[in-house]
**Q** 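Encoded as structure tokens, here's the structure I'll be asking about.
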Amino acid sequence: MSAGLAVRRSNRVVLVVALLAAGVVGTWFDEARLQRRRQAVHDRNLRLAGDLRLTDVCLFGDAPWLRHLSQSDVFASMQDGPGAFDYSRSGSLVGPRGTVTDSDASVAEPPALSR
Amino acid sequence: MRRWLNRQRSLADVALASLGRRRTRTMALLVVYALVVSVVAAVMLYAQAVRREAGRVLAQSPAVIVQRLQAGRFALVPDTYAEALRAIRGVQSVEGRLWGYYYDPVLKVAVTVMVAPEGSAHVVQDGHARVGPAVARAKGLSAGGQLLLITTARDVLRLTVDELLPDESAVLTADLILISAADFRALFDHPAGFYTDIALSVANPAEHRRVAEKVTTRMPDTRAIVRDDIARTYAATFSWREGLVLVAFIGVLAAFALFAFDRASGLSADETREIAVLKAVGWDAGDVMAMKAWEGALVSAVAFAAGYLAAYLFVFYVPAGPFDGALRGWTVVRPRIRLTPDTDAFQVATLFVLSVVPYTAAILVPVWRAAVAEPDVVMRG
Amino acid sequence: MLLQPPVLALLLMSALEVAIALAVIPFAVSIVRHWDLGDASERQVRLERRTRLVSTLVAFAMGLQILTLPVLVFTADRLAAQLSGAMCAVGTLNANAYGFAALSAQMVAFFAAVAWLALDAMDVSVPTYPLTRIKYVAALVLAPLLALAAGLPVAFFAMLEPSVITSCCARVFASDAPSVSGALAAWPAGPAMIAFYVSLAAAVMFSLHVATGRRGRASAALAGGAGLVAFASVIAGVVSFLAPAVYDDVLHHCPFCFLKAEYHHQGYLIYVPLFVATANSTWLLCASLAARVPALEDVLPRSQRRWAAVAAAGFMLVALISSIMLARSHVTFQ
């Protein structure tokens, strides 16, 4: 193989690597751009949540405890494990006792359901 | 220094040429490698974006929510509780919240019905409603339209839709129906003088937990949820999810490492001859290993960058990709959430450890084996 | 709380480290017993060929070990969001008994790994591999340490319960806390500052002394030792006065919080040069031990000068940056 060819190939690969690296760095700029652009929306949403006294985001609605994750009681049925998958598919998104709060300690803990 | 640089450049050139001679195999490795990176990256980017989104929009949710429990289930809170709560030091204001789930027999899904608190910009008059974007879409509603709800007594509650809550707020309001307090009580046969739960505002954030403790000691049948708990709930939810996906992914990762190991150790005849020639012209094992290290580094760099880039575009620019359900969960009134990326260096580092480290570990032994092979043995076959 | 991506990353690294450490033991034993460059037996040839693989593997494990320390700290910091009462890494690490044990073991393993890599570098820089036997004795000694350092974080994360209420850094590093951290926080700023600058000055001077000339074992040992002392006193100084200065709060002594975005990651400005400099000090110490080996006579002084120069520069940078932080702070110490 001639030296010229080798140089050309390595240049091409360097170009590819550089382009990809630029792409990755570009995502950071894109991220900053999106965050700036949606800042107003975020601020409005923040005010809306405060205004309506909302406690949860609306990610999944297939079960009450999944709709209001932070408000659900720790011993709602089907909440005690990731196995709730069969019953409620979003159950796989939420770990067992995903909503433990300190004040739960003051509630008599049901023995059978907690891990 | 210059000598060292020149040496590295020459090594990289040789590595490149060697990779280029096995173009198909290199491409196959790159594609698989990039795919592995992109799956892990997509899960991590997605989860982090949702987590931060929740953290951002819920930063001003009620300081403390007081629920009442009776026989282990939620019970309505009488307004006498509100009076008692007002007496707790540090509590700035006390508000009963009215909200619940309405099972829509047509959509076959539960949506959230809520009464906007007094003084809110979203208070609606009796006979009127405001609906969230996903409900509106599912029921084909628009401003001025009619929303029919079936009350507990099987009557029909006719409401005029004032306005739709904006699409941009879907992350909070997708399945929300805001109605007046009177309509709420009529719809659910909700007794007067009772609330679903009670929201407290506390001036000093440092006191939230202390107030919550006071509430639960004074009223043993209550449970208090602090704003910080809400934040922790969402921080935990998707972290757990990420972990679960990654654990399920261990098999793939192992298979990939095995693939890389196999590919690196099953040297083709050409490759073996190549190394033998290099050694015959005076390279020592260290040079061969350095050259191979360059190969690995180049492959890793390209695959990592390509995989990360693909994941980024997939998560933030493809509105509903094929794996959306697996990432997001299921629901009939699905919120259309536009995620805002929120990555950090640590995430990239974790991704790097989870993909490049296994690859590197897998090729170490084969690389050494290639490096120490004696040229005469190889040449003779 | 094992099911978290960064924890899984840590687990992966730990598993690899331990696997390599275990795999290397039999080979290291046979090297220590049979290594003899003068011997031309087949066993020696095989050993020589193998040693390249093994030292690459061990170097890889040590590299992972070096990476584990920051990942552990970051992970702890990240998990603080999920633990009640935790504000930063301290709260997380404090949530059970293994947290700070894991961090300490990781720090020791970090510098041990750094030292081993220096041994390896010195060894392969000379065609006669004069340090091979010592290197593998060291690897054998390090294997259990590495396993311990890898195991403690696993135990820590496995036992970490999200429902546990932990205390935040403000309480751990409160001057009335009955612990080492409390004692450091209670250390008056005056003496702490004197110890901080004197030890840094000593480390810089001794390192410069080595960096500027062809010096003997004693100077290298002195410079290395002074570097380690400076490391300890800088950490103590961070808790005692530097962190409060950065936070503009005399009562906030946490050495982790200023790594966070809220404080513009200022901590890295201190910790990165500090760890780099201390790593070089560790190498100087190793070099002073290795100086006995005659084969290294040609190579060692040059590396030694370089390491000493980096150490001196790093410690100077630490002194400079902390002075700037102090100057910019509004806190006044008695």
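The analysis underlying the following values was restricted to heavy atoms, covering all of them including side chains, and did not include hydrogens, waters or symmetry mates. Here the structure is a predicted model, which means the values were calculated and not measured. Just so we're on the same page: letters track the sequence lines, and every chain starts at 1.
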**Q** Less than 4.5 Å to any heavy atom of chain A: does that hold for the side chain of B/D197, its backbone, both, or neither?
**A**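 It is the side chain, since no backbone atom gets that close.
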
**Q** Could you tell me the separation between the CG atom of A/L52 and the NE2 atom of B/H122, rounded to the nearest 0.5 Å?
**A**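 Atom-to-atom, A/L52:CG and B/H122:NE2 are 5.5 Å apart.
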
**Q** Check whether B/A170 gets within reach of chain A through its side chain, its backbone, both or neither, counting any heavy atom under 4.5 Å.
**A**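 Backbone only.
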
**Q** Is chain A contacted by the side chain of B/T112, its backbone, both, or neither, given a heavy-atom distance below 4.5 Å?
**A**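 Contact with chain A involves the side chain of B/T112 alone.
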
**Q** Answer yes or no: is there a side-chain heavy-atom contact under 4.5 Å between A/V24 and B/Y312?
**A**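 SC-SC contact between A/V24 and B/Y312 ruled out.
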
**Q** How about A/D56 and B/T233: do any of their side-chain heavy atoms sit closer than 4.5 Å?
**A** no

**Q** Got a sec: does the CH2 of B/W99 have more than 12 other heavy atoms crowding it under 6.0 Å?
**A**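 Yes, CH2 of B/W99 has more than 12 neighbouring heavy atoms, counting only those of other groups under 6.0 Å.
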
**Q** What's the verdict on side-chain contact (heavy atoms from CB on, under 4.5 Å) for A/T55 and B/I65, showing C-alpha distance, side-chain angles and the deciding distance?
**A** CA-CA 9 Å; A/T55 53; B/I65 293 275; 3.7 Å; yes

**Q** For B/E53, which atoms come within 4.5 Å of any heavy atom of chain A: side chain, backbone, both, or neither?
**A**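 The side chain, not the backbone.
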
**Q** Are any side-chain N or O atoms of B/Y234 and backbone N or O atoms of A/V57, one a donor and one an acceptor, separated by less than 3.5 Å?
**A**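 Flag set: sc B/Y234 to bb A/V57 pair under 3.5 Å.
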
**Q** Need one label for A/R38: side chain, backbone, both or neither, based on atoms under 4.5 Å from any heavy atom in chain B.
**A**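 Contact with chain B is through the side chain of A/R38 alone.
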
**Q** Do A/Q71 and B/I230 come close enough that some side-chain heavy atom pair is under 4.5 Å?
**A**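 Yes, close enough: below the 4.5 Å cut-off.
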
**Q** Heavy-atom cut-off 4.5 Å, strictly under: side chain, backbone, both or neither for B/L178 against chain A?
**A** side chain

**Q** Go through the atoms of B/L165 and report whether side chain, backbone, both or neither lie under 4.5 Å from a heavy atom of chain A.
**A** neither

**Q** Run the side-chain contact (heavy atoms from CB on, under 4.5 Å) test on A/W28 and B/T343 for me, step by step, so that the C-alpha distance in whole Å, both residues' side-chain angles and the decisive distance to 0.1 Å come before the verdict.
**A** CA-CA 8 Å; A/W28 299 333; B/T343 58; 4.2 Å; yes

**Q** Among B/P62, B/A121, B/A47, which residue has the highest count of heavy-atom pairs closer than 4.5 Å to chain A?
**A** B/P62

**Q** Please examine the side chains of A/R37 and B/T340, heavy atoms only from C-beta on, and report whether any two atoms are closer than 4.5 Å.
**A** no

**Q** Can you check whether B/Y308 reaches A/L20 side chain to side chain, under 4.5 Å on heavy atoms?
**A** no

**Q** Under 4.5 Å from any heavy atom of chain A, what part of B/L172 do you find: side chain, backbone, both or neither?
**A** both

**Q** Quick one: do the B/S169 and A/N45 side chains pair a donor with an acceptor below 3.5 Å?
**A** no

**Q** If you tally heavy-atom pairs under 4.5 Å against chain A, which of B/M114, B/E168, B/Q60 wins?
**A** B/E168

**Q** Are more than 12 heavy atoms, taken from residues, nucleotides or ligands other than B/Y103, located less than 6.0 Å from that residue's OH atom?
**A** yes

**Q** Considering only heavy atoms and a distance below 4.5 Å, find which of A/V16, A/D43, A/V17, A/L54 pairs most often with chain B.
**A** A/L54

**Q** Among B/A306, B/S61, B/P117, single out the residue with the greatest number of heavy-atom pairs under 4.5 Å to chain A.
**A**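 Result: the option with the highest number of such pairs is B/P117.
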
**Q** Supply the atom-to-atom distance A/S70 OG to B/I225 CD1, rounded to the nearest 0.5 angstrom.
**A**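 One gets 6.0 Å once the value is rounded to the nearest 0.5 Å.
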
**Q** Counting only non-hydrogen atoms closer than 4.5 Å, does B/R97 touch chain A with its backbone (N, CA, C, O), its side chain (CB onward), both, or neither?
**A** side chain

**Q** When you look at CZ of A/R33, are more than 12 heavy atoms from neighbouring residues, nucleotides or ligands closer to it than 6.0 Å?
**A**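 Enclosed: over 12 neighbouring heavy atoms sit under 6.0 Å from CZ of A/R33.
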
